[in-house]
Amino acid sequence: MQQTPIKVIVLGGGTAGWMSATALAKLLPGIVEVELIESAEVGIVGVGEATLPHIRAFVERLGIDEADFMRATQATFKLGIDFRDFGRIGDSYIHPFGTFGQPLAGVPFHHYWLQMRAAGMARDLGDYSVAVAAARASRFALPHGSESILSSSYGYAYQFDAALFGPYLRTVALGLGVKRTEANVVGHRRNPETGDVEALILASGEARHADLFIDCSGFRSLLLGDALGESWEDWSHWLPCDRAAALPCLPASPTLEPYTRATAMPAGWRWRIPLQHRVGNGYVYASAFLDDDAACRAIVAATENAPLADPRILRFKAGRRRHSWVHNVVGVGLASGFLEPLESTSIYLAQMAITQLIELFPVAGITQADRTSFNRLVDMEYDRIRDFLILHYHATTRDDSPFWDHVRTMQIPDTLAAKLELWRATGRVAHYSEGLFLEQSWIAVYLGQGIVPHAWDARAALPTRDNLAQAMSTIAREVGTQVAGMQDHGAFLHAQTKRLARVG
Amino acid sequence: MVLSCTLRRSASPVSDDAPGARAAPTCIGVVGDGQVGLTAAIVLRRSYPRSDVVLIAAPPDPAALADAAITSWPSSLGFHDSFGFDEAGLILRAGASHRLATRYADWCGAGRDWVLPYGAALDPAMRVNSGDDGPAGSAHSASLGAAGPQTVTQALAASGRFAMPVDNPESPLSDIDYALRWNGPAYRSRLASLARHMGVRHLTAGLSRLAHAGDGSLTAVTCEDGSLIAADWWLDCSGPAARLRAAASEPAFESWADMLPVDRLLVDDRKASPALSLEDRILACEDGWAWQVPGRDAVHASFGYASGLTSDAAATASFKRACGASAVGKIVLRSGRLCAAWAGNVIAIADAAASFEPLHGLNLHLAHRQLGLLLELLPARDIDPRERDEYNRRAALLADGARDWIAAHYCSPVPREGAFWHYAGTQQRSDALSAALQQFGVRGRIPHFEDAPVGQADWAAVLAGIGAGPGRSALLAAKDPAQLSVQQAALERRCRAALALARPYPQWLSARLANPQ
């Protein structure tokens, strides 16, 4: 540990940049020396108002107090996402951070549910999930691992003001000794032999040297894309949404929902994210199918209450760099890839890359094996999430607009087609132990969007109908009891004033 | 002549058009009635209590190593539980004894032993990973130069003391995990009576003819006594000959001959006196390894070597030198796996699907994992090709994972002397194995492998054992040494507390046998 610290420059002071800088400084003290270069002239996208449960472990690892963090970012709790009008106009389902029912005799619950549904004897799938039932009732309690199976059958994430998250982490990072430099980067210098980036050139003409560069420059991808020319794999033919019109407003009702809402629109979908003091709204749309003015009008019209600002247009494109770690440059966040926020994956993707980088951190020089390990994992995460997102568009009967006609009829990736075929024929979910969305998530979306398998596990027909009905209603009853014991989400937050931002 | 129920196949309960649960099989045939086939028949009968499950004998093949296994891994005990095969019965009536660890003696040279203990005892704080499957704490402790046992199980094994694990994570006994060894014939006979009790139809007359349909699927078999069995689908548990699979056409086989060195095995059937020990011992000899499994019936020994380097006579002499054993049987091994474990309506299990040297008794463990996977993707009466593809994809991951873990034993950067070890060390390595060696060597980390049959702790123990690391990760290097020594001290306290709660194994076992409750 007496070695000279490894010098790391993080380029970009958005969410990904400050997440990277904070994590490196906190988890590798003495090993790294971190400098973050940001420019006030460059705006930040601040994506990801809604998060996934994984962020809790990240925040905890950084030694951040949850209540303090929630207060600073006006955060609320999130139990899942309510998808409306996706499979069909009028349909609604919640993709929860939790499970549905319990397996019986080694057979997953949904096979029994399908069996009872065919007999007209099943309740809504969400009635067998604590997370769904609690979300629908706008109730919340912290999960408890030890109390019962049901009280640990769900997790939670946060809905927060992304524009406040970066600055919050900046304070933490500066406290950990991260050096912040306010400057415009105008160029770079590469080693002619190795091709590694040696230094960034600032507008002042000054050069900033480092051993490792983390590119958090957003879509501009200044190092990974521009400097190293890493090519972009474009996925817009599968995920055509490339703009968002964002519009915050005041809440119209006193109910504080512990979930994000995603409502399908004629050329995309809109989000609704309830924070402590405002509601985030935005229309994610495909510019090939809708112009900006129409999108702004649509989001203003759809917003429940007085807007707090004019709609702001964000531009993006779905895809990823072919490699995220090239030479001594690691892309994190938008510089490495982008997937629309339909499943709130943006912050997760940055967190995943940072966690892997720290796992693989090159203390004794970067090797190709490390880059390969990192890139394999990052690619796998992106590719599997991509398939899951495409499913939300493709699994639909909507034919009410050219956009939905396109996504309904487009050719999907082979990897997704195989998963869908297996599901349709057997009710089984292709099994992976790695990656973000696992069996329960796929079940939620498949069934929520009306992809009912043609056949399912033969063992689901073995119990008598009465026995099965009784077992299922017991689960639903216990779920109901569990939720009835929870507090109203708003009341829960207000009872814990340490989590609350000061009003005003 | 026994006519199977399949010849009067009932109509499907649902029409082909309406969505519904798939029809359960009318009849399932299992060929090979060793311990693997018996287990398969029992779990299938439990899954489909109204289906006819017919178990057909096949001549025992000594090269069917999962059938010949007298031990498995800890997870097999949970699998036993899942089909009502009680552990108490194995201890009382099948001579079962407990293994906490395996000692690899002289593995990287004379006197250079290492131990692979079961059980966690991975202090969460010692893990650098925030996830559930962080690298092994023991390996990290080793990288700190800590001497002495790194897990509770290892401490118990070293002192010959035992206690049953408890559920309470506060107790040091909760870290314990163990495997069982047993008397082979008694184990098999208990399975046979459970199968009978469950209503498995066990035919002892062997196969005589197989009948295939035009699409290549196996429709019926005729036994030597003339009985005819027709089944919807079949499990081939007949050992490496894969008699059902080979009957239609020679199945595509992926050889591992250039990845695993051992292709011959000597077994000792001389009834060496029984021995009670919590440790197995694998002794590295100049031309192979000798594995000694102490048991309440006898000490069972086997010797693995490479026929290209060592004659049978020389191997027999080495075996005798290593453990005083006289070889009575020689087994020819053909390492590798079927490219597709499941083809048509025949699913190959255990040595029929994947065959490899029995180092550390992985063969039966893998067979149990294959059966677990089959239960997860259990076919209905009619086979769905997508389900079959998914099974084959995951079964290949399981088999390759087993192969890589065995191969890892031979990847020591400083192998011991001897042509065998030189040969073994120069064999091909899969990408996954190379990645594990590289990551562990540089930073003590085991990559995540999907559907791995061997956990990260067992990977880390082997790689640390052969001296391929662990390197120090940046995360570990960044840890406060004071904090690490506090953790180390806590672990040592935990080991001492466990020792105080445990009893010498012979005493513990006598008490257990005297009081089966």
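Throughout, protein chains are lettered first and strands after them, A, B, ... in sequence-line order, and every chain is numbered starting at 1.
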Beyond-backbone contact of R22(B) with D457(A), side-chain heavy atoms, under 4.5 angstrom
no
In terms of heavy-atom contacts, does CG of D414(A) have more than 12 from other residues, nucleotides or ligands at under 6.0 Å?
no
What part of E450(B) is in contact with chain A, defined as an atom under 4.5 angstrom from a non-hydrogen atom: side chain, backbone, both or neither?
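When you check distances to chain A, atoms from both the backbone and side chain of E450(B) fall under 4.5 Å.
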Part of D451(B) within contact of chain A (heavy atom distance under 4.5 Å):
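Contact with chain A involves both backbone and side-chain atoms of D451(B).
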Expected output: side-chain R443(B) to main-chain L360(A) donor-acceptor under 3.5 Å:
yes
Under 3.5 Å, side chain of E390(B) to main-chain N/O of H431(A), donor-acceptor pair present?
yes
With only heavy atoms counted, which part of R376(A) is less than 4.5 Å from chain B, the side chain, the backbone, both or neither?
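Answer is side chain: those atoms of R376(A) sit under 4.5 Å from chain B.
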Contacting region of L114(A) [heavy-atom separation from chain B under 4.5 Å]
neither
Looking at every heavy atom in both [X] and [Y], which two are closest together, and how far apart are they?
{"X": "D384(B)", "Y": "T426(A)", "answer": "CG-CG2, 3.6 Å"}
{"X": "A21(B)", "Y": "Q115(A)", "answer": "CB-OE1, 3.1 Å"}
{"X": "P19(B)", "Y": "P453(A)", "answer": "CB-O, 3.9 Å"}
{"X": "R459(A)", "Y": "S47(B)", "answer": "CG-O, 3.6 Å"}
{"X": "A474(B)", "Y": "F361(A)", "answer": "CB-CB, 3.7 Å"}
{"X": "A461(A)", "Y": "R50(B)", "answer": "O-NH2, 4.0 Å"}

Residues of residues 364-375 of chain A under 4.5 Å from chain B (heavy atom pairs)?
T367(A), A369(A), D370(A), S373(A)
Spacing of [X] atom [atom1] and [Y] atom [atom2] [to the nearest 0.5 Å]:
{"X": "R472(B)", "Y": "I31(A)", "atom1": "CZ", "atom2": "CD1", "answer": "8.0 Å"}
{"X": "K479(B)", "Y": "L27(A)", "atom1": "NZ", "atom2": "CG", "answer": "9.0 Å"}
{"X": "R394(B)", "Y": "Y432(A)", "atom1": "CZ", "atom2": "OH", "answer": "10.0 Å"}

Can the positive tip of R428(A) be found less than 6.0 Å from the middle of the six-membered ring of Y391(B), inside 45° of the ring normal?
no
Only counting residues at least two apart or in another chain, list the ones meeting side chain to side chain donor-acceptor pair (under 3.5 Å) with S434(B).
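Side chain to side chain donor-acceptor pair (under 3.5 Å) check on S434(B) returns nothing, list empty.
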Under the rule for side chain to side chain donor-acceptor pair (under 3.5 Å), what residues qualify as partners of N467(A), not counting sequence neighbours?
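Partners of N467(A) under the side chain to side chain donor-acceptor pair (under 3.5 Å) test: T464(A).
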Strictly less than 4.5 Å between heavy atoms, which residues of residues 365-377 of chain B line up against chain A? Please order them by number.
L375(B), E376(B), L377(B)
